[in-house]
Amino acid sequence: MALSERVRGIAGFHPKSSKSLGGYLDSLKLQKHAGLVLTDSGGIQEETTVEGVPCLRMRNNTERPVTVEVGTNTLVGVDFTTSVQSHLY
């Protein structure tokens, strides 16, 4: 089964790209109610840890190792095909 058939998602935004507080609050609400967040943002991986939402971080390392230690953040590398898909199947 294709990834798009297994995962429903919202893509392509970062709260800093919004010029209003509403944009940031909306992003927090989306994260809180997500089943999984995929990001390369250090701030977002920290926010998902606070909310207890699983996060796949598209990097090979993190400046916030506590997020990995707690178990909410998984470093999946930068190759989407091999890293992310193996964590979703």
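Residue numbers count from 1 along this sequence. Since this is a predicted model, take the numbers as computed values, not measurements.
The closest side-chain heavy-atom distance from Thr62 to Gln45 is below 4.5 Å. Considering only heavy atoms from C-beta on, Thr74 stays 4.5 Å or farther from Arg57 through its side chain. Residues Leu36 and Leu56 are in side-chain contact: their nearest non-hydrogen atoms beyond the backbone lie under 4.5 Å apart. Side-chain contact between Leu75 and Asn60 is absent, with no heavy-atom pair separated by less than 4.5 Å. Side-chain contact between Met58 and Leu38 is present, with at least one heavy-atom pair separated by less than 4.5 Å.
There is no side-chain donor-acceptor pair under 3.5 Å between Thr67 and Thr49.
Taking 4.0 Å as the cut-off between side-chain N and carboxylate O, Lys29 and Glu47 do not count as a salt-bridged pair.
Rounding to the nearest 0.5 Å places CD of Gln31 at 5.5 Å from CG of Leu28. With rounding to the nearest 0.5 angstrom, the CD atom of Glu51 is 5.5 Å from the NZ atom of Lys32.
Of all non-hydrogen atoms in Thr48 and Cys55, the two that sit nearest each other are OG1-CB, 3.3 Å.
Remark: of the listed residues Ile44, Val68, Val66, Val68 is the sole one forming a side chain to side chain contact (heavy atoms under 4.5 Å, CB included) with Asn73.
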